[in-house]
Amino acid sequence: MKLGRREFIKLSATATAVTAFGGLGFNLKPTVAKAQLLRLDWAKETTSICCYCSVGCGVLVHTDKSGGGRCINIEGDPDHPINEGSLCAKGAALFQVAENENRMTKVLYRAPYSNKWVEAPWDWALDRIAKKVKEARDETFTRTNAQGQVVNRTNGIAHCGSAEVENEENWFMQAMMRSLGLVYIEHQARI
Amino acid sequence: MDGKGFFIDLTKCHACRGCQVACKQWHKLPAEETHNWGSFQNPQDLSFITYKLVRMEESVENGKVKDWLFFPDQCRHCIQPPCKMVGDMDDERAILQEFETGTVMFTARTKNLFADEIRDSCPYDIPRVNELTNVLSKCDMCFDRVINGKLPACVLSCPTGTMHFGDLDDMKAMAQERLAEVKKIYPNAVLGDPNAVRVIYLFQDRPSKYHGRAVASVGPRLYNRQQAFAKLFRPNRKA
Amino acid sequence: MTNHYNDLMNSDCILMMGANPAENHPVSFKWVMKAKEKGGKILSVDPRYTRSSSKADLYVPMRSGTDIAILGGMIKYILDNDLYFKDYVVNYTNASFLVNPDFGFKDGLFTGYDPQTESYKKDTWTFQMDAQGIPRKDPTLQDPNCVFQLMKKHFERYNLDRASETSGSPKDKLEEFYKMYAATGAPDKSGTIMYAMGWTQHTTGVQIIRAMAMIQLLLGNVGVAGGGVNALRGTSNVQGSTDQALLFHIIPAYMPTPRANLATLDAYNATTPKSNDPKSANWWQNRPKYIASLLKAMYPDQDPATSYNFMPKLDVGQNCSWLVLFDHMHQGKFKGYFVWGQNPAGSSANSTKTREALSKLDWMVSVNVFDNETASFWKGPGMNPAQVKTEVFALPPAVFCEKEGSVSNSGRWIQWRYQGPKPPGQCVRDGDIMLELFTRIRDLYKKDGGAFPDPILNLNQKDIAKEGKSFPDRFDPQKVAKLLSGYDVNTGKQVANFTQLKDDGSTACGNWLHSGAWTEDGNNMARRDKTQTEMQANIGLFPSWSFAWPVNRRVLYNRASVDLNGQPYAPHKAVIKWDGSKWVGDVPDGGWPPSERHPFIMRAEGYGQFFGPGLADGPFPEHYEAMECPYEEHPFSGQLHNPTALKFAGEAAMRAVCDPRYPFVGTTYRVTEHWQTGIMTRWLPWLLETMPQNFAEIDPELAQLRGIKNGDKVILENMRGAIECVAVVTPRMQPLISMGQKLHQVGTTWHYGWLHPKDGGDSANLLTPSVGDPNTGIPETKTFMVNIRKA
């Protein structure tokens, strides 16, 4: 039978999702379990820029307004003059950057000579790192070099990163590291 | 109105595979477990959870590569879909064809069909079955997007103008116009079954170089209406 | 990029060399294909036939590491056949400058080489000056000491036979390539180069790019629509992180890091570039304003002369670049290490050394979205956790769509991101991780004192943190963005652009190149307005979409796109044009009327440089073999390798030169479906599905030679390491005849690592050597020697 739109929607709305997942035994997370049809109407739409290569493609991020407030769809921004809605394989997969059970979502700590990670609270970890930084800085801080010139630098701490964070974060990162006296500051641009 | 259609200009495809992943993303299809089998193409074939696949073939002349051919394969949404013809004999609500767009849609009721028959009926070897449930699947033209005025996910994702979507008549006109241009550079260029399908490919070389079932004429198993009806009398037909 | 991505469509000829944009910058291909539709030619020069090559009008195979031989051949071809753009070369480049007569070049070495230090004394790499202190010139280009004649002489050896013999590129293909590209020397034509790490990752990397820049100057291709020198950068904000100077040798916006011999701000400012030529804009003469404003942005309560002392100083000549950093870490020189959004255990050349280096640390802080080979190095192959002392903190950050802020693409567009979902679980935005950590460190110094606490106690807080908020919602990207753009400290008003910055501490600006990104009119990086004039629309400038540095200029050096009367050389794709009273089109490189200033405003003299005295390895590019190579000699000189390459004591014995055990040229690359070390892609099921395992691409003849069939497991090995991967036997790889020998190349990716997936294979950087370019220190990961055998 050939169907008009209304009948077709009625019959197919339940069908698509079932076809995709039915019987496979995949446990759908609530974030993706919504009916496909018109699901974006219930989402908040924000614009962002792809996090992979340097072309700078615009993307639309759809965030579920109900429930967990998680991302439900990411696709190319059709208004963006560089990509005009298009994305490559990586860009098309951006949804799984945000919604991914493999993501690190807890602070992990590995003690010296230990063979495992243990979970740690932020508060404890930040205090301990702050203490370690101060110790290393105070121990290796150099006021003057061999020629007697003032250098005010920390020789015992190095830093790499990051092309993965925003300009504002990067600027503060360099300010923070330089105020701590670091000169071994490098990142992706060097490789 | 003749419904919707795709024009896929393979002279412009560089296999970024945005379409392949965008399809998975929109439909939230799970990934397959794959292995490198000596090719960039993966998964190796379409499957119940892979509706769109960029096939890759090297075209070699005198031991040297002449072309690397890329073919984003998907359901053609036939004007007269043989799968539906065959399917309707067992369950008329298993395979639907929508009036306005021409979308050919597989529903969960495809479990009531003979999966091998449906697959065999397709000149392009598109339908795939879930062995556990006997449900069949394939490209649904992103029908939910299309009726909301959006492009199919794969078409939106295409950077180079390989994939186009619109009214079938416009797509046909675009295909003919582009064919004429492309012929100047690629004399073997040809359109794939432009009058029988809603997904019209422009091949820059012989379609068989892309894939054995790229066009209907190269596939041996196209059912015509008579053959389809003959199937009505097979002994194990479901009620 | 001097230009930007949309601008590629304006090109008459696009050269893809040292880059594979179809695979690594796939959406750039939208604009490459637009150029092709308009009749532009697409050229691909690469050791492999890639997805980019599949769309090219001409593909030229080559031996990895011979780019200068090939490009030098093009320079000679252009000069021999008079194909250069004469007006442009005479008026806008230093071709006419007279060089110090003591300058010379002999057998692969420029004058001033000191074999002891393996470096050059550059006192002969200078120009002859007239009484006013302006370089002497010969506009007829005939003087034997003029740059043009010296360049001609230098490239005399780069004939077609030698270029072909060295590179293994067939002569007819090379000649066709030269002819097609040199055709863009016509005044109204433009050619462009898309390059990436295929050029930078060589011990001759900078000189490869210089060779191409020289070609672009010869053909008048810099400053024009569809032209320029375009580095396709690897990461969504690596342009921005470079601009913010997360690098040892610069502070934000490309000012040099203070050195120990420059004890005061006045001493630093005394090194400001100078020019006596009234027609040279010498833009860097403004540097004192930018450093004062930067210091004020970092330390708002101090005057710049005081806060200059807060800046850590490098010793003269001290190098802290990537490979040196890991060498020193390997020597146990560091106690602590921050690794932020990076995975050096996979991305750094000679990964075994890198991984060992991590075990010499007391502590390491890793901030990464996914677990990775760096954070978990202590349980990696060859490590016994019970013997690894390093204390490791792995902190979970938010991802790109969970926070607000700006990122800069290769085309220098600074674009604003908004927050969609909130960070899940205990994930915290990077800015808040930094800010909270810094606050706690500062509190310790406040409480307990310690070594020179002044910079820590004085660092700007008011422009960084939201008031009344606490961790993890205190970092304020909008405030920081305003600080980066700059404001008047007395009125608090945002500056309109960097011309309003002052050298007296009355303005604060975190990054002068960002100046204008956030003005009193608001956040220009967030603009989404596509209106443009007909002239702008013609070349796709989009001046009201986001903000481009500097001052929203979309095409750099655009004053070189017009003649001395301000009229465009290519009227059908004009970038700027003098209408009699003002410039129209793009933002010009300074508003002076035509010919009042030389167009290359960032050079002290104002001219494009054929003769480039600033580099470590010579004012002209010269071919040398990679530090690992299949030959003991080459036909250009007796210098086998770049004599100034960065290398480390004790590692020479681990390098294969003409070593029969490692007879094949290895190279590394990336594929569309993965990214960098794969941390942000290997964990994504949809991407892993498309490229599940590492592979090695080899030609069918080599496969036969080693008894390897397509899909077999193989081992790639050299003296530094071995990796297992899947053989992809393909006619897209072909053996080359180079220096009379048949040579096979082996290509593999560096996307994988031992952590995940289990059968994916480990990083190709286990094979690459820790040697680097003498100018940048970038490791030579694109050319090395390997053996391949069946696993």
Side-chain angles (χ1 to χ4, degrees), chain A residues 46 48-49 51-57 61 63 70-71 81-83 88-89 93 96-98 102 104-106 108 110 112 115 130 132-134 136 138 141 145 149 151-153 156-171 175-176 179 181 183-184 186-190, chain C residues 5 25-27 233 235-236 238 240-242 244 246 260 298 312-313 320 322 325 334-342 363 385 389 391-392 394 396 399-401 405-406 409-410 415 417-418 420-421 425-426 430-431 438 440-441 444 450-451 455 459 477 480 510 542 673 675 683-684 686-687:
Chain A
T46 47
S48 186
I49 303 296
C51 65
Y52 289 114
C53 84
S54 64
V55 173
C57 296
V61 178
T63 306
R70 294 310 305 161
C71 176
I82 294 178
N83 59 312
C88 70
Q96 285 188 337
V97 171
N102 299 315
M104 305 260 294
T105 54
K106 295 192 168 99
L108 296 181
R110 184 262 176 185
N115 62 0
K132 291 267 154 199
V133 170
K134 183 167 189 301
D138 286 351
F141 194 80
N145 64 8
Q149 298 162 322
V151 291
N152 284 336
R153 65 176 185 240
I157 306 177
H159 170 97
C160 288
S162 176
E164 301 299 295
V165 304
E166 277 79 12
N167 286 313
E168 295 71 26
E169 294 172 329
N170 263 317
W171 188 88
M176 164 182 172
S179 79
V183 289
Y184 287 89
E186 286 284 287
H187 82 289
Q188 281 95 332
R190 192 76 69 185
Chain C
Y5 284 102
H25 300 83
V27 175
R233 309 210 54 183
T235 301
S236 61
V238 70
S241 53
T242 308
Q244 311 319 326
L246 271 304
M298 288 176 72
K313 315 266 181 318
C320 301
W322 185 273
L325 186 155
F334 304 131
K335 294 182 179 304
Y337 176 51
F338 285 93
V339 56
W340 213 294
Q342 285 210 249
W363 53 267
K389 64 172 175 177
E391 189 172 347
V392 186
V399 300
F400 76 105
C401 61
S406 71
N409 76 354
S410 285
Q415 305 191 86
R417 282 174 173 161
Y418 293 94
Q426 293 178 22
D430 300 86
F438 181 75
R440 291 182 188 215
I441 295 168
L444 287 178
L459 190 69
V480 182
F542 296 103
E673 299 80 359
W675 193 64
W683 292 103
L684 273 57
W686 289 330
L687 292 175

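Sequence lines set the chain letters: A, B, ... in the order given, protein chains first and strands last, and positions in each chain run from 1.
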List the residues meeting ring-ring contact (aromatic ring centres under 6.0 Å, His included) with A:Tyr52, not counting sequence neighbours, and say none if there are none. C:Trp675
Determine the option with the most heavy-atom pairs under 4.5 angstrom with chain C, choosing from A:Thr46, A:Thr63, A:Val55. A:Val55
What is the ring orientation for A:His159 with C:Phe338, classed by angle as parallel under 30°, tilted 30 to 60°, or perpendicular over 60°? tilted
ring-ring contact (aromatic ring centres under 6.0 Å, His included) partners for A:Trp171, two or more places apart: none
Relative to chain A, which of C:Gly405, C:Gly240, C:Gly336, C:Pro455 shows the most heavy atom pairs under 4.5 Å? C:Gly336
Honestly, the part of A:Val61 sitting under 4.5 Å from a heavy atom of chain C is side chain
Under 4.5 Å between any side-chain heavy atoms of C:Cys320 and A:Glu186, yes or no? no
Within a strict 4.5 Å, meaning less than it, do heavy atoms of the A:Ser54 and C:His25 side chains meet? yes
Among A:Val165, A:Val151, A:Asn145, which residue has the highest count of heavy-atom pairs closer than 4.5 Å to chain C? A:Val151
Could you walk me through whether A:Ile49 and C:Asn409 pass the side chain to side chain contact (heavy atoms under 4.5 Å, CB included) test, one step at a time? CA-CA 10 Å; A:Ile49 303 296; C:Asn409 76 354; over 6 Å; no
Out of A:Ala89, A:Cys51, A:Gly56, A:Ala189, which one racks up the most heavy-atom pairs below 4.5 Å with chain C? A:Cys51
Report the option among A:Glu164, A:Arg153, A:Met176 that has the most heavy-atom pairs separated by less than 4.5 Å from atoms of chain C. A:Arg153
